[in-house]
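Accompanying notes for the structure given below.
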Amino acid sequence: MIEIQLQAKEFLTGAGLSGPWAVAVMHFLLVVVAFVLAALSGLLCRRWVVPLLLRLSKRTEARWDDVLFSRPVLLAACRVVPAIVIWGLLPWTFADWPVVREVLVRLTAIYITVTSTQTLLALINAIRLMDDGPRSARQQYLYTLCGVLKILVVFIAVIVVVAIVIDKNPATLFAGLGAASAILMLAFQDTIKGLVAGIRLTTNDMLRVGDWITVPSAGANGRVEDLTLTTVKVRNFDNTIVTVTPQTLVDGSFQNWNGMEQKEGRKQVRQLYYDFRSLHVGDDGVANITRFRHHVEQWLAENPKVLADKRPLVRQAPATQAGCCLEFVFWLRSQAGADFEHDTSDVMEYIYAAGTDFGLRIYQPFPQQ
């Protein structure tokens, strides 16, 4: 840069310029050279370095390089390079104007901090989006950790920018925050509780993206579409969107149907009460309700809507004043939605009607006179 300054002075002296005008024109030329070099460095990164790294990462079987050298991350990093070039050339460009140099140095440092933060956030987002399918517990924990890292990176960047503006050491500001931590925790207690609740949900594997959950207190009954540290977005069966805080799920209760969906079939247990006066013993010595139990078990075992590998059961439950109780236990192939409800109705409607063939009557209290 010193050589460029000397050549610029010789050129201006040869052109007949001297004094303040020569100094002003020389600084203008140095600024132009600095911006040209910065622009060329950024263009070189975008046009040559980024495509080269993308091609190299695609040729490998590892996945970490696809995340580290993804296009959003590389393009964000390219915005840092011109600022670094300007940072290196500023001491020479404005050597005679210390005030202007100091202001530009601080502005450039702020820009480098912001662009570096954007690069780190792009890298964290790339890690979060690495797996867009149903997440395992470890993947969901990594997803949650990325959310914490983003908050931490932004917090540190704000502190660094403030330190640059007021010309203080960032370590001094971090030390001063220790005294104000109690006030910050009081002001952001809801956010902190949400973060802790989100971490509890993910670390204990209580909830994953893609799970079907029911939260009666929040009116949520559908699949989890997004799970962050502060928000759980649920798409209901009618395509409405319900947003629930992790704190609500942790403090209250919710039903997760994931265990049912992972296994084949869905268990159904129903009870019916039959009038004792309709029970009798047939000529073969077998009670009509006994023959009815065996008939329903056989019918359920042969029903294509019922799982064949899980034996259905019709058993005698404790009797009450409402009558003789039979309990029907079976597993339907369909697990959720209208199919499950329709299949349940088909099975129970047959059971309601079949009892009359055996002389059984479902208990009904006499109407009041």
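Nothing here was measured: the structure is a model prediction, and the numbers come from that model. We use all heavy atoms of the structure for the numbers below, so side chains are in, but hydrogens, waters and symmetry mates are not.
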Compare all side-chain heavy atoms of T113 with those of I164 and state whether any distance is below 4.5 angstrom. yes
Counting distance only, does the side-chain N/O of S116 pair as donor-acceptor with the main-chain N or O of I112 below 3.5 Å? yes
State plainly whether one hydrophobic cluster holds both V244 and I241, where clusters connect Ile, Leu, Val, Met, Phe, Trp and Tyr through side-chain heavy atoms under 4.5 angstrom apart. no
Same cluster for L307 and V329 if Ile/Leu/Val/Met/Phe/Trp/Tyr side chains link at under 4.5 Å? yes
S41 to V85 - nearest heavy-atom pair and separation: OG-CG2, 3.6 Å
Approximate separation, where rounding is to 0.5 Å, of E341 CD and L332 CG: 9.5 Å
Answer whether the closest heavy-atom distance between the side chains of R270 and T344 falls below 4.5 Å. yes
Roughly how far, to the nearest 0.5 Å, is CD of Q316 from CD of E327? 10.5 Å
Which residues pass the side-chain hydrogen bond (donor to acceptor under 3.5 Å, both in side chains) test with K305, sequence neighbours left out? D346
V160, L152: one ILVMFWY side-chain cluster at the under-4.5 Å cut-off? yes
Any idea which heavy atoms bring C78 and V50 closest together, and the distance? SG-CG2, 3.4 Å
Do the side chains of F340 and Q268 get nearer than 4.5 Å, heavy atoms only? yes
Give a yes or no on this: more than 12 heavy atoms of other residues, nucleotides or ligands lie within 6.0 Å of atom CG of D284. yes
Please lay out, stage by stage, how R293 and L326 fare under the test side chain to side chain contact (heavy atoms under 4.5 Å, CB included). CA-CA 8 Å; R293 284 195 300 104; L326 287 184; 3.6 Å; yes
If only side-chain N and O atoms count, and only distance matters, is there a donor-acceptor pair under 3.5 Å linking W212 with N221? yes
If only side-chain N and O atoms count, and only distance matters, is there a donor-acceptor pair under 3.5 Å linking T245 with T248? yes
Hey, mind stepping through V165 and I110 against side chain to side chain contact (heavy atoms under 4.5 Å, CB included) and telling me if it holds? CA-CA 8 Å; V165 172; I110 293 174; 3.8 Å; yes
Okay, side chain of D339, backbone of S334: is any donor-acceptor separation there less than 3.5 Å? no
Any side-chain heavy atom of V215 sitting closer than 4.5 Å to one from V234? no
F358/F292 aromatic ring centres below 6.0 Å: yes
Honestly curious: do L37 and L44 fall in one hydrophobic cluster under the side-chain, below-4.5 Å linking rule? no
Nearest 0.5 angstrom please: Y273 OH to T320 OG1, how far? 4.5 Å
Between R106 and D167, does a salt bridge (charged side-chain N to carboxylate O under 4.0 Å, His left out) hold up when you go through it step by step? CA-CA 9 Å; R106 293 192 186 185; D167 194 19; 3.2 Å; yes
Side chain to side chain contact (heavy atoms under 4.5 Å, CB included) between E297 and L300: does it pass, once the steps are laid out? CA-CA 5 Å; E297 280 191 353; L300 288 173; 5.8 Å; no
Do the side chains of T243 and V232 get nearer than 4.5 Å, heavy atoms only? no
Between N125 (side chain) and L121 (backbone), is there a donor-acceptor pair under 3.5 Å? yes
Nearest-0.5 Å distance that lies between atom OH in Y352 and atom OG in S345: 8.5 Å
Would I86 and L104 show up in the same hydrophobic cluster when neighbours are defined by side-chain heavy atoms closer than 4.5 Å? yes
Minimum heavy-atom distance between N239 and R235, given as atom pair plus value: O-NH1, 3.4 Å
So, taking the atom named OG in S278 and the one named CD1 in I289, what distance separates them when rounded to the nearest 0.5 Å? 7.0 Å
For A220 versus V242, what's the shortest heavy-atom pair and its separation? CB-CG1, 4.0 Å
Please test F330 against V347 for side chain to side chain contact (heavy atoms under 4.5 Å, CB included), starting from the C-alpha separation and ending with a verdict. CA-CA 10 Å; F330 52 93; V347 170; 3.8 Å; yes
Got a donor-acceptor contact below 3.5 angstrom from the R333 side chain to the P304 backbone? yes
Of all heavy-atom pairs linking H295 and Y350, the shortest is NE2-OH, 2.8 Å
Just verifying a value: how many Å separate T117 OG1 and F155 CZ, rounded to the nearest 0.5 Å? 13.0 Å
What are the two closest heavy atoms between P51 and C45, and how far apart are they? CD-O, 4.5 Å
So do Y111 and R79 actually touch side chain to side chain, heavy atoms under 4.5 Å? yes
